[in-house]
Amino acid sequence: MIKWSHERSQAFQETLLDWYDQNKRDLPWRRDHNPYHVWVSEIMLQQTQVQTVIPYYLRFMDQFPTVEDLATATEDKLMKAWEGLGYYSRARNLQKAARQIVFDYQGRWPTTTEALQELSGIGPYTAGAIASIAFGQPVAAVDGNAFRVFSRLLEIDDDIAKPQTRKVFERIINLIIPKARPGDFNQAIMDLGASYMTATNYDTSQSPVKDFNQSYQDGIEDHYPVKTKKKRPIAHDYFGLIIHSKQGYLFEKRPSHGILANFWMFPLFDRENLTDEKATPESMLVGKIEARLQSEYQLSADLHAVDVPTVTHTFTHQKWKIKLLEAQVADNIDVSYFPGKWIHSSKFDQMTFSKVQSKLWLAYQKASKSTQSVGD
DNA sequence: GAGACGTGGCG
DNA sequence: TCGCCAAGTCT
């Protein structure tokens, strides 16, 4: 690894910030340094691309203009604002932190990285981003961009997939970061990482800091960053139940922990939980589901396959395949045993749907449109 | 410290 | 289809 002299660091700062001053992206959260604006944008941007975040951020600020508005918002309105953005614990942590700030700290923001990390959902990166951008503290904000940029500039061989590697980068960046403009420096690194120094298909030859890029000079830029591979997603096969009555469609609330926690969805039955044997005929599996609906929930349902392709949805670590089954149930059934609720499709726009739930509903609509118009 | 946690885009 | 990526954090 190359070490930079003080002069070298200064030259780098100057080159980078000059470029940033001329070429920085015009983003909605860069209009000011309001910590609330910086904070919300940083949370939304976690593992999420800028162009995805922009409309969410604008709507969010429209609905929750201040940290007080967020602290006192209903969970329904909050989740609706986050609908489709993913990693939904971010939204819940965001409100938790808003309440910490408003009610525990009387609206006064913590300004150090240590104190900021006491807030829910704020880790080392976000703390560094808020401290430097909103409060002018000369601290590193080490995200994927910083890993990518500095590993290439300095030929850092540490595996960025390892948590301990963060400390290596923080130590180096804290030596290089300018005391006068730390927030601009960190944001300039991000803009660099999003333009000339992207993960793939990058072209460093036009980069403003190519003279500082050791791996480029050495022709080994594609060795960086060093990052071990992730595991492939685990497959899950489900039956998805579309059960409708005069009272609407049947929904089930997902567990409070795990993937899509607390979301309302069409009931799902895991194929593997229905039988131990792989080769069980499908009609028998459907019969088992019907029997369970009857015995556990007193719900008589005559399930039929919906004539649509299996719905697939891939998460970071799970790959779901869902075969849709449909049933119309009697008008005056007793649903008091079922841990769910009936909702008319006219009210779906008031619910918060995960993407996979939206896919199920779309697939079902497509099928019922091609045959007949099915009411609730 | 490895794995969980969403979604969209791209080659 | 698949693997990987995109301003990470929590457990």
Side-chain angles (χ1 to χ4, degrees), chain A residues 24-25 27-30 37-57 79 82-94 96-97 116-130 132-133 140-149 159-167 169-170 183 185-195 197-202 225 227-236 254-263 265 310 312-321 352-359:
Chain A
K24 66 180 169 191
R25 288 175 290 178
L27 301 169
W29 45 89
R30 284 183 175 176
H37 297 164
V38 175
W39 171 51
V40 171
S41 68
E42 290 300 341
I43 300 297
M44 286 186 170
L45 286 160
Q46 289 170 7
Q47 302 291 284
T48 311
Q49 297 191 336
V50 167
Q51 71 273 18
T52 303
V53 166
I54 288 174
Y56 280 91
Y57 176 83
M79 293 312 289
W82 209 269
E83 183 178 39
L85 199 52
Y87 285 151
Y88 297 97
S89 65
R90 289 185 297 176
R92 300 192 170 102
N93 284 145
L94 200 65
K96 249 187 236 169
L116 283 163
Q117 287 183 74
E118 297 298 313
L119 296 169
S120 297
I122 296 186
Y125 162 71
T126 306
I130 298 173
S132 62
I133 298 170
V142 185
D143 67 341
N145 289 305
F147 277 131
R148 193 165 58 251
V149 168
D159 181 357
I160 67 168
K162 305 267 185 219
Q164 61 201 33
T165 300
R166 167 180 301 282
K167 295 201 295 281
F169 282 74
E170 279 177 346
F185 179 89
N186 284 330
Q187 292 182 93
I189 295 298
M190 297 178 205
D191 280 16
L192 199 56
S195 54
M197 299 185 72
T198 51
T200 57
N201 300 91
Y202 49 86
K227 187 180 187 181
T228 52
K229 295 177 184 72
K230 291 172 195 163
K231 295 194 319 179
R232 52 181 295 181
I234 298 163
H236 291 276
R254 293 187 55 79
S256 58
H257 294 290
I259 198 160
L260 301 178
N262 296 322
F263 274 75
M265 281 193 71
T310 300
T312 65
H313 189 81
T314 304
F315 303 96
T316 309
H317 58 296
Q318 291 184 32
K319 185 182 169 71
W320 288 8
K321 286 199 286 189
T352 301
F353 279 1
S354 63
K355 282 295 169 182
V356 61
Q357 169 61 29
S358 296
K359 282 188 190 176

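For the numbers below, each heavy atom of this structure counts, side chains included, while hydrogens, waters and symmetry mates do not. Throughout, a chain's letter reflects where its sequence line sits, starting with A, and its residues are numbered from 1.
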Exercise for the section: Measure the spacing between CH2 of A/Trp39 and CD1 of A/Ile130 and express it to the nearest 0.5 Å. Expected result: 7.5 Å
Exercise for the section: Have a look at A/Lys319 and say if it touches a base, only the backbone sugar-phosphate, or nothing, with a 4.0 Å heavy-atom cut-off. Expected result: sugar-phosphate
Handout entry: Range on DNA chain B touched by chain A, heavy atoms, distance below 4.0 Å
Key = B/dG1 to B/dG11
Practice task
Take nucleotides 4-11 of chain C nucleotide by nucleotide from the 5' end and write B, S or -, depending on whether a protein heavy atom sits under 4.0 Å from the base, only from the sugar-phosphate, or from neither.
Solution key: SSBBBSS-
Exercise for the section: Keeping the roles fixed (side chain from A/Arg254, backbone from A/Ile259), state whether a donor-acceptor pair exists under 3.5 Å. Expected result: yes
Handout entry: A/Tyr125 side chain to A/Gln46 side chain, donor-acceptor N/O pair below 3.5 angstrom
Key = no
Handout entry: A/Lys359 atom NZ, neighbour heavy-atom count above 12 within 6.0 Å
Key = yes
Problem - A/Arg90 side chain to A/Leu85 backbone, donor-acceptor under 3.5 Å - result: yes
Fill in the blank from the handout: Minimal heavy-atom distance between A/Asn145 and A/Ile189, with the atoms involved, is CB-O, 4.1 Å
Handout entry: Plane angle bin for A/His313 and A/Phe315 - parallel if under 30°, tilted between 30 and 60°, otherwise perpendicular
Key = perpendicular
Handout entry: Same-atom distance (P) from B/dA4 to C/dA7, integer angstrom
Key = 23 Å
Handout entry: Within residues 256-263 of chain A, residues whose heavy atoms come under 4.0 Å of DNA chain B
Key = A/Gly258, A/Ile259, A/Leu260
Handout entry: First of A/Pro163 and A/Tyr88 reached from the 5' end of DNA chain B, by closest nucleotide
Key = A/Pro163
Exercise for the section: Rounded to the nearest 0.5 Å, what's the gap from OG1 on A/Thr314 to NZ on A/Lys321? Could you check? Expected result: 10.5 Å
Completion exercise
d(A/Lys319 NZ, A/Ile234 CD1) to nearest 0.5 Å is 13.5 Å
Problem - Span that lies between the P atom of B/dG6 and that of C/dT11, in whole angstrom - result: 13 Å
Practice task
Under 4.0 Å between any heavy atoms, over every strand shown, what does A/Gln318 touch: base, sugar-phosphate, or nothing? Just pick one.
Solution key: sugar-phosphate
Completion exercise
Between A/Glu83 and A/Tyr56, the two heavy atoms sitting closest are O-OH, 2.7 Å
Fill in the blank from the handout: Ranking A/Gly86 and A/Lys162 by the position along DNA chain B of their nearest nucleotide, the one closer to 5' is A/Lys162
Problem - Interatomic distance at C1', C/dA6 relative to B/dC5, whole Å - result: 15 Å
Handout entry: Ionic contact status for A/Asp191 with A/Arg25, cut-off 4.0 Å
Key = yes
